[in-house]
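Letters A, B, ... mirror the listed sequences (proteins, then strands); counts begin at 1.
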Protein chains: 2
Amino acid sequence: MRSMVDSEVTSTRSRERTRQRLLDAAAQVFAEVGLDAASVEAICDRAGFTRGAFYSNFETKDELFLELSGLVATERVAAVRSRVGELEQEGGFDLTPTDAFAIIEQVLDLSADDRLGVLLMSEIRIHALRNPDLAAAYLEQEAEMQRGVAQIVADIGRAKGIRFRVTADEAARIMLLVWEGAAVRAAMGGVDAEELRRRTSTELALVAQLTIAD
Amino acid sequence: MRSMVDSEVTSTRSRERTRQRLLDAAAQVFAEVGLDAASVEAICDRAGFTRGAFYSNFETKDELFLELSGLVATERVAAVRSRVGELEQEGGFDLTPTDAFAIIEQVLDLSADDRLGVLLMSEIRIHALRNPDLAAAYLEQEAEMQRGVAQIVADIGRAKGIRFRVTADEAARIMLLVWEGAAVRAAMGGVDAEELRRRTSTELALVAQLTIAD
DNA sequence: TGTATCCGATACATAGTTGTATCGTAATTC
DNA sequence: GAATTACGATACAACTATGTATCGGATACA
């Protein structure tokens, strides 16, 4: 006899798959046309379901958006955290001081490294501007990212004996802002992922250069 | 007999007033709830008209948004240009090198210096991400702003004998990105115009410090 | 004062979206 | 293999927004 737990798991498995497909589809559609212009039906079409599946899994479109925003934030932070962990392990970096900041580029590019990713983050950001709860979550996630980047900055400085003109936190904050702004401008030009990465990289290198004391 | 031109002017005057009231109302509503969530009726209510007035003056909501975006861009650029002109006239600046960049803060704060302004710019930006025409206009307006700021940077450098670690254009670009990012984060916190200005000012001063060679 | 025109209000037809209630099927349990 | 449950599909009702067509009043002009 299959235990009740097992049955719940099995049942939940299939359910989780539809939820996930709906979330993935929603991420695409939200990125493409925005939360408000995205009809529930458009999301379901994309996922290969009808609206019945949607309302069986989510209360409203807003609830799904909230959940999606949370997932995106969690994933970004986890990716940064794990990358920072790896770097802590590795210890020494055999890069030139300036190039060392390519690491930070990698970290930031861990998410939102293509046009749709940038669009989705922008969509989340603008709704955070209008929703205090979402704003708190957004700022907290960003603060966590900033801590991760600051740690890498400090590590690089220590390993390479680099002196900075501002604190690691300040450097990290500016890097995040510039990275985001550059990514948005690149996405506006409709460039592909490769070119997008190239452009953000260039701007980031500029900021890195600025933060390093001669 | 009033000339045909006069009558046209008169007629256009009143018409222009309603157009302007509709544009002003739309700017508010777009900032508050976003383009897609803003119904034509909500805009008309705010302006004190019914939808009849709207459709008598604009084809669609999108057309109005396009026009509004153009107006905002034109105003921003004009404000910066005129401020730059004033500074060119004045010539010498009797400020400390770091504080001199407060001028740039003034320039950037010429528009979007409150929560609604930041929201409207964000709304325009995210739609530029999805509309190539709007994107081109947005990037062009930003390039013009950048040229203005770069000119001020160069002027300050010349007047004060300051050496920079990057070109004036690069400095201006980073300042614009950081200013925008800081403004958005401040607006997310729901702060008032005063506090918003304080925060962007702080970040901008940090960037200014970074760009100045010791 | 009569008349023509302009312009915003009103009424209406239509389309699209949402959420719920019900149904049918496939999977699960014993 | 019969019964039950789960879950997505379908059908439906209500609401909202849009755009157009028409109306009415105010204004301009002779």
Are there any protein N/O atoms within less than 3.5 Å of an N/O atom in nucleotides 23-26 of chain D, and if so, which ones and at what distance?
none

Please assess A:Q28 against A:R46 for the test side-chain hydrogen bond (donor to acceptor under 3.5 Å, both in side chains), listing each intermediate value before the final yes or no.
CA-CA 9 Å; A:Q28 289 178 30; A:R46 184 69 63 99; 2.7 Å; yes
When rounded to whole Å, the CZ to C1' distance for the pair A:R15 and D:dT5 reads 12 Å
Rounded to whole Å, CG of A:D45 lies from C1' of C:dG16 at a distance of 14 Å
What residues 35-44 of chain B contributes to the DNA chain D interface at heavy-atom separation below 4.0 Å is B:S39, B:V40
Ordered by number, residues from residues 47-64 of chain A within less than 4.0 Å of DNA chain D (heavy atoms) are A:F49, A:T50, A:R51, A:G52, A:A53, A:S56, A:N57
Query raised in the report: Is the closest side-chain heavy-atom distance between B:E195 and B:D192 below 4.5 Å?
Result: yes
Rounded to whole Å, the CG-C1' distance (A:L22 to D:dA9) equals 14 Å
Sequence neighbours excluded, the answer for ring-ring contact (aromatic ring centres under 6.0 Å, His included) partners of A:F65 is A:F30, A:H127
When rounded to whole Å, the CD to C1' distance for the pair A:E16 and D:dA6 reads 15 Å
Correct closest heavy-atom pair for A:L116 and A:A31 would be O-CB, 3.6 Å
Here the salt bridge (charged side-chain N to carboxylate O under 4.0 Å, His left out) pairs for residues 126-150 of chain B, sequence neighbours left out, are A:E123-B:R130, A:R185-B:E142, B:R81-B:E144, B:E140-B:R147, B:E144-B:R147
* Check whether any side-chain heavy atom of B:E203 lies under 4.5 Å from a side-chain heavy atom of A:E170, and answer yes or no. => no
- Is there a side-chain contact between A:M175 and A:V153, using heavy atoms and a 4.5 Å cut-off? yes
Before accepting this row, confirm whether a basic side-chain N of the pair A:R19/A:E67 lies closer than 4.0 Å to the acidic partner's carboxylate O. yes
Rounded to the nearest 0.5 angstrom, the CD1-CD1 distance for B:I156 and B:I152 is 7.0 Å
Across all chains, not counting sequence neighbours, the ring-ring contact (aromatic ring centres under 6.0 Å, His included) partners of B:F49 are none
Does A:T18 have a side-chain nitrogen or oxygen under 4.0 Å from the phosphate oxygens OP1 or OP2 of D:dG8?
yes
Query - Donor-acceptor pair between A:D155 and A:Q151 side chains, under 3.5 angstrom - result: no
